[in-house]
Every structure is written in structure tokens, then in C-alpha cells.
Amino acid sequence: MTSTKSCEVRCTKCKKWFCSQIIQFEDEDSFLHSIMYKNTEECPYCKTMVTHDKEIMRFVEKDSNGKVIKETRYLYDF
């Protein structure tokens, strides 16, 4: 089974997760030790501009069906 890893952002307005087009990390350690500073991206669902904050980001690994099999978050809820 193959898996994919990516960094996702949760929209502060519609609360949907989307894959970041500008920020990606190689692994969960690089995600946890990174510093975010004023990066913004448009939510593909509701078009709200979202400022990347680790509190609304997660590093995920998904199986070949798109199901999340591992999730790493800096803070667990907001």
C-alpha cells in the first residue's frame, strides 16, 4: 500500500481542511519545529484568505484511498 504525506490547513471560516499549495514539509518533525510567519493562502472551498498558523495546520499521511492514517498537529483544537 502506498501513502502520501502533505501539510493541510483548516479554514477559519468554513472549517474544511485543504492541502496547502505553498507550504509543505518532508516529515512531522520538520512541521513541529518550523516557524510560521504571515503566509496566507485562499481556501479553495469558500475563498477566505487564511493566515497559516500551526494551530490550524496538520501534517497527514493518507493511504491510497485518501483515508488519513496518521495525523500530527501542533495544537489539538482551536
Visitor: Which is it for I56 and V9 under the side-chain contact (heavy atoms from CB on, under 4.5 Å) test, yes or no, and what are the steps along the way?
Guide: CA-CA 6 Å; I56 61 168; V9 180; 4.2 Å; yes
Visitor: Determine whether E71 and F59 make a side-chain contact, defined as any pair of heavy atoms from C-beta on separated by less than 4.5 Å.
Guide: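 No, too far: nothing below the 4.5 Å cut-off.
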Visitor: Go through the side-chain N and O atoms of T4 and E61 and say whether any donor and acceptor fall under 3.5 Å apart.
Guide: no
Visitor: What heavy-atom pair brings K62 and E8 nearest, and what distance separates the two atoms?
Guide: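 The pair with the smallest heavy-atom distance is NZ-OE2, 2.8 Å.
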Visitor: Please evaluate residues T48 and C14 with respect to the criterion side-chain contact (heavy atoms from CB on, under 4.5 Å), reporting the C-alpha separation (whole Å), side-chain torsions for both, the decisive distance (0.1 Å), and the verdict.
Guide: CA-CA 9 Å; T48 298; C14 72; over 6 Å; no
Visitor: Applying side-chain contact (heavy atoms from CB on, under 4.5 Å), run through Y45 and C11 and close with a yes or a no.
Guide: CA-CA 9 Å; Y45 302 104; C11 178; over 6 Å; no
Visitor: Could you pull out the closest heavy-atom pair between T40 and M49, with the gap in Å?
Guide: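 That would be OG1-CE, 3.8 Å.
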Visitor: Which heavy atom of F18 sits nearest to which heavy atom of E42, and what is that distance?
Guide: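 Scanning both residues completely, I find the closest heavy atoms to be CE1-O, 4.1 Å.
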Visitor: Decide yes or no on side-chain contact (heavy atoms from CB on, under 4.5 Å) for C7 and M57, but give the supporting numbers first.
Guide: CA-CA 7 Å; C7 180; M57 296 177 78; 3.2 Å; yes
Visitor: What distance do N65 atom CG and K67 atom NZ have between them, rounded to the nearest 0.5 Å?
Guide: 9.0 Å
Visitor: I need the R10 CZ to C43 SG distance, nearest 0.5 Å.
Guide: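 With rounding to 0.5 Å, CZ (R10) is 11.5 Å from SG (C43).
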Visitor: Over all heavy atoms of both residues, which pair between T12 and V50 is shortest? Give the atoms and the distance, please.
Guide: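 Nearest heavy atoms, T12 then V50: N-CG2, 4.3 Å.
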